[in-house]
2 protein chains.
Amino acid sequence: MDTRTDTPRDAETSPDPLRIERLCVERGLKMTGQRRLIARVLSEAVDHPDVEELYRRALALDSRVSIATVYRTVRLLEEKGILERHDFGGGRARYEATDHGHHYHLIDIDTGKVIEFSDAQHEALAKTIAERLGFVLVGHRLELFGRRPSGAEETPRRGARRRGGETA
Amino acid sequence: MDTRTDTPRDAETSPDPLRIERLCVERGLKMTGQRRLIARVLSEAVDHPDVEELYRRALALDSRVSIATVYRTVRLLEEKGILERHDFGGGRARYEATDHGHHYHLIDIDTGKVIEFSDAQHEALAKTIAERLGFVLVGHRLELFGRRPSGAEETPRRGARRRGGETA
DNA sequence: ATATGTGCAAACCGTTTGCAACACC
DNA sequence: GGTGTTGCAAACGGTTTGCACATAT
């Protein structure tokens with residue numbers, strides 16, 4: 001197993017806009033107009049939007065959605081394993097499609113940006129540790145919080161929030 | 001650096017009941033009756049209680065506390081670096097004293113128990129990964145979710161909750 | 001036709017806060 | 001005695017839900 005590579009995943013890949021909808025149909029979900037709409041927004045997302053943001057993007061395409069439906073849909077898709085919920089701090093849940101592979105997050109604490117990466121060595125290590133402690137690893141969470149070396153301050157932070165960091 | 005040891009920390013060590021209070025005084029906090037009380041509860045805790053639980057334990061010792069004060073104190077101590085807040089899922093923040101060393105958590109998804117461990121190899125790896133991605137590591141979070149091998153079912157789960165796992 | 005999804009607004013739940021009374025230094 | 005803390009209850013913010021209506025299958 002290659003343990004020496006961190007693969008920063010460039011989040012530019014927004015394949016086809018029906019990706020998520022197809023997954024919904026596969027799991028036998030009844031496809032309504034608003035579910036199609038939300039599925040499309042999710043398919044096009046290359047970041048980790050929260051519900052409010054999803055709602056905003058959906059509204060921009062079609063005004064016949066309510067935020068309650070976004071909440072319901074997002075929860076449903078999470079239960080179906082189509083979406084993954086993250087808590088990066090800040091009190092709101094943030095979502096991303098599960099269909100683009102296992103990866104971790106590094107949160108830039110100055111800009112709030114999220115960098116995705118994968119690391120086989122860590123993956124193996126997590127499993128090993130669990131086994132050493134007498135467990136079978138079922139899931140794990142790794143998040144790094146970092147800052148670009150001081151010389152290069154880039155985008156200044158957009159504004160504070162109750163707790164934890166805001167992230168992109 | 002020794003990278004081959006996972007140290008499961010047995011959470012039986014509840015040293016002296018004034019541990020936290022002493023830290024408070026050191027940081028120049030005005031010690032009121034309720035702060036002393038809450039500090040004592042925290043000093044005696046060997047788990048990761050949420051605010052409600054802290055409040056319950058404090059009440060058992062002295063009824064002259066309100067939950068608002070627990071919230072305020074816990075937040076204050078966190079700002080002073082005396083407490084660490086965790087989000088293990090389930091919507092409520094959970095706390096532990098920072099003074100017993102850096103460690104990670106493995107959550108038993110069947111019983112909800114939290115096992116603490118430290119791992120130097122992981123620590124080094126996290127730093128390396130961040131650097132490889134062009135960041136200085138400021139903080140990180142590692143949580144393992146595991147299950148004891150099937151043969152030995154132990155304590156059955158105590159009951160479900162809205163979201164995420166309940167933990168001890 | 002019927003079970004299921006939707007919108008609205010109210011309920012919920014953890015947490016924070018304004019204010020007047022109170023306690024520590 | 002004055003500044004900082006507490007208790008209460010109300011406010012908050014994200015999320016869920018009851019209900020009447022609408023819609024996919």
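Just so it is clear: chains get the letters A, B, ... in the order the sequence lines come, proteins before strands, and each one is counted from 1.
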On DNA chain C, check which nucleotide each of B:Y71 and A:L29 is closest to and give me the residue with the more 5' one. A:L29
Using a strict cut-off of less than 4.0 Å between a Lys/Arg side-chain nitrogen and an Asp/Glu carboxylate oxygen, indicate whether [X] and [Y] qualify as a salt bridge.
X: B:R22; Y: B:E26; result: no
X: A:R75; Y: A:E78; result: no
X: B:E123; Y: B:K127; result: no

Nearest 0.5 Å, what's the NE2-OG1 distance between B:H103 and B:T98? 10.0 Å
Between [atom2] of [N] and [atom1] of [X], the distance in whole Å:
X: A:L54; N: D:dT15; atom1: CG; atom2: P; answer: 11 Å
X: B:L37; N: C:dA23; atom1: CG; atom2: C1'; answer: 16 Å
X: A:R85; N: D:dT15; atom1: CZ; atom2: C1'; answer: 11 Å
X: A:K80; N: C:dT4; atom1: NZ; atom2: P; answer: 12 Å
X: A:L59; N: C:dT6; atom1: CG; atom2: C1'; answer: 14 Å
X: B:R36; N: D:dT6; atom1: CZ; atom2: P; answer: 11 Å
X: B:L76; N: D:dT5; atom1: CG; atom2: C1'; answer: 11 Å
X: B:M31; N: C:dC25; atom1: CE; atom2: C1'; answer: 14 Å

Examine [N]: is either OP1 or OP2 under 4.0 Å from a nitrogen or oxygen in the side chain of [X]? Give yes or no.
X: B:Q34; N: D:dG7; result: yes
X: B:R75; N: C:dT16; result: yes
X: B:T69; N: D:dG7; result: yes
X: B:R35; N: D:dT5; result: yes

Which sits closer to the 5' end of DNA chain D, A:E52 or B:S63, going by the nucleotide each is nearest to?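 So the residue in question is B:S63.
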Nearest-nucleotide wise, let me know which of A:I67 and B:G33 is further upstream toward the 5' end of DNA chain D. B:G33
Need one value for A:R64: base, sugar-phosphate or nothing, where a base atom within 4.0 Å counts as base even if backbone is also close, heavy atoms only. sugar-phosphate
Closest nucleotide among [options] to the [X] side chain:
X: B:T32; options: C:dC24, D:dG7, C:dG7; result: C:dC24
X: B:K30; options: C:dT6, D:dT5, D:dT25; result: D:dT5
X: B:R92; options: D:dT5, C:dG14, D:dC8; result: C:dG14
X: A:V51; options: D:dA24, D:dT15, C:dG7; result: D:dT15

Does B:R72 get its side chain close enough to the base of D:dG4, under 3.5 Å, for a donor-acceptor pair? no
Which residue is it: A:H122, A:E143, A:E116? I am looking for the one with a side chain to side chain contact (heavy atoms under 4.5 Å, CB included) to A:Y104. A:H122
Do A:E84 and A:H102 have a side chain donor and acceptor closer than 3.5 Å?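 No, no side-chain donor-acceptor contact under 3.5 Å.
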